[in-house]
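Taking it in order: structure first as structure tokens, then the write-up.
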Amino acid sequence: MYAPEFEYHRAATVAEAIQLLSSNEDAKLIAGGHSLLPLLKLRLARPSVLVDIGRISELKGITISDGTVRIGALTTHWEISSSHDLEHACGIMAEAAGGIGDTQVRNRGTIGGNVVHADPASDWPTVLTALGAKFNIQGAGGSTRTVEPGDFFVGPLTTTLGEQEVLTSIEAPTLGHHQRAEYAKMAHPASGFAVVGAAVVVTVEGDVCTAARIAVGGLVPVPVRMTSVETALVGKALNQENIAEAASHASNDLQGEILGDFFASAEYRKAMAEVEIRHALFHATEVSHH
Ligand SMILES: Cc1cc2nc3c(=O)[nH]c(=O)nc-3n(C[C@H](O)[C@H](O)[C@H](O)COP(=O)(O)OP(=O)(O)OC[C@H]3O[C@@H](n4cnc5c(N)ncnc54)[C@H](O)[C@@H]3O)c2cc1C
């Protein structure tokens, strides 16, 4: 089906994009179009005006300095997956980007469009939650604010981003010498979207875990921190037995709505959350496993 008719404007700057959003009540931004165009074709969105931000250079690129990775909202998954600097500074981001969709999706899809679209099956929300990322947002009159993932994602396809705001960049801490991070997902075979995804960031001194941040997504409306699993890991040696024991606490943290469909039931996804947490921890800590 063709998209409904819309007026098209191309913005040259973030300020111009915000001005166009403010002066057109029913306007929507378009970046790579990989999430928005399917919505238009399915008539799930009918904006009368599209504001193309795809050529705004201030929204593109990856910079790493003072222990922080800053990725412009318009940076594509391919640019993230192929950045050697990022692979060294925060390898989980390059790894997660490389596992998104297929070549076309990675070439056109942007990290900003991915998080603003807020599909529960997306990889970035889970990874960025585990990393403790921050979202930088610009609004009318040059106002800016910074939001953490827990305050940004509200539910499926819903965030706290205002109608006249632009996500400008995403920041995440670089991984320290003692930190390891990994993302494991059970991917839908047709799209690559996460049926269940688990992201772990652990600090390991000697062979003991001294801190952990773990999030799961795909099976829940918004990413969920696995605080019971984190607590069970801290202070323990990261061996196969302790990892399996800690992961078994996952169901304590999954008390809210669990998503299910004809491909994978809610019950199955819940069971797989524990498995993907284990996988991610085994890979992060290089514990051999079957
Ligand atoms: C076949 C297929 C497979 C996929 N597989 C995966 C997968 O395995 N894992 C995964 O995580 N994702 C997957 N995706 C989703 C893909 O990652 C997203 O479609 C893409 O990243 C969205 O970015 P975009 O630039 O195309 O956004 P657009 O479609 O242009 O925009 C999406 C939404 O974000 C808004 N928006 C965009 N940029 C900004 C901004 N800077 N500030 C404010 N609002 C903004 C738009 O208004 C719109 O509402 C898949 C998509 C397809 C089509």
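Values in this document were obtained by computation on a predicted structure and should not be read as measured data. Counting starts at 1 for both ligands and their atoms, in listed order.
Taking only nitrogen or oxygen atoms, main chain and side chain alike, Ser35 reaches within less than 3.5 Å of ligand 1. Considering both main-chain and side-chain atoms, Ala194 never comes within under 3.5 Å of ligand 1 through any nitrogen or oxygen pair. Checked by distance only, ligand 1 and His34 come closer than 3.5 Å through their nitrogen or oxygen atoms. Residue-to-ligand polar distances place Leu36 within reach of ligand 1: an N/O pair is separated by less than 3.5 Å. Not a single N or O atom of Ile30, backbone or side chain, sits closer than 3.5 Å to an N or O atom of ligand 1. Not one N or O of Leu59 is nearer than 3.5 Å to an N or O of ligand 1, by distance alone. At least one N or O atom of Asp123 sits closer than 3.5 Å to an N or O atom of ligand 1. Taking distance alone, with nitrogen or oxygen atoms compared against 3.5 Å, Ala73 stays at or beyond that limit from ligand 1.
Counting non-hydrogen atoms of neighbouring residues, nucleotides and ligands closer than 6.0 angstrom, the CZ atom of Arg225 exceeds 12 such neighbours. Within 6.0 Å of CD in Glu163 there are 12 or fewer heavy atoms belonging to other residues, nucleotides or ligands. Counting non-hydrogen atoms of neighbouring residues, nucleotides and ligands closer than 6.0 angstrom, the CD atom of Glu5 reaches no more than 12 such neighbours. For Glu25, the CD atom is loosely surrounded, since the number of other residues' heavy atoms within 6.0 Å does not exceed 12.
When the side chains of ILVMFWY residues are joined at heavy-atom separations under 4.5 Å, either directly or via intervening members, Ile18 and Leu74 end up in a single hydrophobic cluster. Note on Met186: it clusters hydrophobically with Leu281, by side-chain heavy-atom contacts below 4.5 Å among ILVMFWY residues.
Scanning all protein heavy atoms for the shortest distance to atom 35 (C) of ligand 1 gives Val116 CG1, 3.5 Å. With hydrogens left out, the protein atom closest to atom 15 (C) of ligand 1 is Phe193 CZ, 3.5 Å, a heavy atom. Of all protein heavy atoms, the one closest to atom 27 (O) of ligand 1 is Gly113 CA, 3.4 Å. Among all non-hydrogen protein atoms, the one lying nearest atom 24 (P) of ligand 1 is Gly32 N, 3.5 Å. Counting only heavy atoms of the protein, atom 28 (P) of ligand 1 lies nearest to Gly33 N, 3.4 Å.
Close contacts between ligand 1 and Thr110 involve ligand atoms 21 (O), 23 (O), 24 (P), 25 (O) [criterion: under 4.0 Å to a heavy atom]. Of all atoms in ligand 1, listed by their number and element, those nearer than 4.0 Å to a heavy atom of Leu161 are 43 (C), 44 (N). Each of the following atoms of ligand 1 lies closer than 4.0 Å to a heavy atom of Gly192: 7 (C), 8 (O). Interface atoms of ligand 1 facing Ser191, defined by a heavy-atom separation under 4.0 Å, are 3 (C), 4 (C), 5 (N), 8 (O).
Judged purely by atom type and a 3.5 angstrom limit, Glu87 has no side-chain atom pairing as donor or acceptor with the backbone of His84.
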Set out, in order, the CA-CA distance, both residues' side-chain angles and the distance that settles side chain to side chain donor-acceptor pair (under 3.5 Å) for Thr168 and Asn136, then state yes or no. CA-CA 6 Å; Thr168 52; Asn136 295 318; 5.4 Å; no

Verify side chain to side chain donor-acceptor pair (under 3.5 Å) between Glu230 and Thr227, making sure each step is shown before the conclusion. CA-CA 5 Å; Glu230 294 170 2; Thr227 49; 5.7 Å; no

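The shell of residues lying under 4.0 angstrom from ligand 1, judged by heavy atoms, excludes Gln138. Within the 4.0 Å heavy-atom shell around ligand 1 one finds His77.
Within the 4.5 Å cutoff, side-chain heavy atoms of Arg106 are placed close to those of Thr103.
Checked by atom type, the side-chain pair Thr76/Glu79 shows a donor-acceptor distance below 3.5 Å. No hydrogens or angles considered: a donor-acceptor pair under 3.5 Å links the side chains of Glu7 and His9.
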Name every donor-acceptor pair, under 3.5 Å, that has one atom in a side chain of residues 150-160 and the other anywhere in the protein, sequence neighbours excluded.
from, atom 1, to, atom 2, distance (Å)
Thr158, OG1, Pro156, O, 3.0
Thr159, OG1, Leu161, N, 3.1
Thr160, OG1, Asp151, O, 2.9

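Summarising the contacts of atom 52 (C) of ligand 1 with Thr75, Val51, Leu37, Val105, the nearest heavy atom is found in Val105. Among Ala31, Ala17, Gly101, the residue whose heavy atom sits closest to atom 38 (N) of ligand 1 is Ala31.
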